[in-house]
Chemist: 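There's a structure below that I have some questions on.
All values reported here derive from a predicted model rather than from experimental measurement. Note on naming: letters A, B, ... go to the chains in the order of the sequence lines (proteins, then strands), and numbering restarts at 1 for each one.
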Amino acid sequence: MFDLIVLGTLLTFGYVFGQIAEKRHYRSILRREQQLRQLLLVPSRFPPMYVHPPQTFLVSGSVVISVDFFKVFVAGLRQLIGGRMRSYESLIDRARREAVLRMKDEARKHGASMIFNVKFEAVPLYKGQRNSVQSVEALAYGTAIIPARRPGT
Amino acid sequence: MRYENPKVPEGINVTSEHPLKEFSQLLLGVVAVTVIIVVMLTLLAERIAQHIPFQMEVEIAGQYRGKLPVRTAVTDYLQGLADRLAVSQDLPADMRITVHYVDDATVNAFATLGGNIVFFRGLLEKMPDENALAMVMAHEIAHVRHRHPVMSLGRGVVIGLALAAVANFSGNDLAGRVLGEAGLLTVLGFTRQQEEEADQTALATLARQYGHVSGADTFFMLAKTLPHAGIKEKIPSFLSTHPATENRIEKLRRLAQQNGWAMNQPTRPLPESIQVQIKHRSDHESGNVSTHFLPR
């Protein structure tokens, strides 16, 4: 009985705060993606041909996002019967997009026009304990290109 | 010419479905399956447990013989009462009731494996007359007669194993815990049923023993006045091992009425010597001199 009350409280907290955080994060992601769209992302390993050799450097962005109690709980139930882990999908999605945005931010600060050879890493963070609320780290990295200034400009 | 990455449409990687929808579907489904499995396993376990010979029960209980309380005059009195009630209840010859009396303030009595029934001083202190005590005693004997202790043992073993296995394999303590709770609540339904069964048998025993059923509801009236009664009554009965006290009283009265058993006959007092013994003990304890006897 007491267990159920504790569980219910944790679930409510997890749901309310988790949802608020997620909604807010998505709003921020959509806004910043719009702002940074002009900075091109290219998965190709080779930079485009330039007449004047551009300056290149490594940029990266990483983010750690924690699951909330509600998501863990739903995922736990989901594990019993299988299927799409919907509660974790948004988590990974947010992490990946946030990492890209941070990487783009860094590139823009240096005046880059594009990032090529973009790669992703995602790492789940937890100590292997059962019951521990897990978090996920997403890392995006790539080579930013600052175009050389054309003579005369 | 300027290039830009196109805007990726939303909703590809993330569903727009409300998270509570998935939550409720999963929870309801999983809980429903658990309840069905627990009900099936319980019925099976109880069915099998009933075929365990009573002698085996006695042997299982015998393993704990070392921890028994010393027998006193009160124990002998309770044993005598139990023997008389056992006759009135047509208890099969191989079922021997052994009463134990524990000198402790706990207001409780219970029946366990091997026909062992334990009474606490706290309960005796509150008994205004023999009839009230006989009702409790007959109730516990009825548990033994209906093989409830061994049934709950069987149930406990089977359900415990099943739920532990699920909790283990689900790889998630939280989900396992919810399943456990669902399973326990389902089991409680069975124990409530057993309590009702024992109440009914006890009432019939009382009628045969005394010719009336006065004092049958005394214990339940009393239960409502206990310190925790207020809280307990607020807990909905589906969360409880016992039916709500109010319902039990009502059912007893209805049953008495249907069978024409009188509830207003004079009751038999507890023997003087026993009253002194119980009172004497409680004087020693934390200056608690009052005897807690309820007004008749």
Chemist: Run the ring-centre check on A/Phe13 versus A/Phe69 and record whether the distance is less than 6.0 Å.
Modeler: no
Chemist: Answer with side chain, backbone, both or neither: which region of A/Arg84 has an atom nearer than 4.5 Å to a non-hydrogen atom of chain B?
Modeler: both
Chemist: Using non-hydrogen atoms only, which part of A/Leu30 is less than 4.5 Å away from chain B: side chain, backbone, both, or neither?
Modeler: side chain
Chemist: Looking at A/Glu106 and A/Arg102, is there a salt bridge between them, counting it only when a charged N and a carboxylate O are closer than 4.0 Å?
Modeler: no
Chemist: Non-hydrogen atoms of chain B under 4.5 Å away: do they reach the side chain of A/Ile81, the backbone, both or neither?
Modeler: side chain
Chemist: Should the pair A/Glu98-A/Arg32 be classified as a salt bridge under the 4.0 Å nitrogen-to-oxygen rule?
Modeler: yes
Chemist: Are side-chain heavy atoms of B/Glu46 and B/Gln194 found at a separation under 4.5 Å?
Modeler: yes
Chemist: Checking B/Arg147 side chain against B/Ile52 main chain: does a donor-acceptor pair fall under 3.5 Å?
Modeler: yes
Chemist: Heavy-atom distance under 4.5 Å to chain B: side chain of A/Ile92, backbone, both or neither?
Modeler: neither
Chemist: Between B/Pro19, B/Gly29, B/Pro6, which shows the greatest number of heavy-atom pairs under 4.5 Å with chain A?
Modeler: B/Pro19
Chemist: If you count heavy-atom pairs under 4.5 Å between each of A/Gln34, A/Arg37, A/Glu89 and chain B, which one has the most?
Modeler: A/Arg37
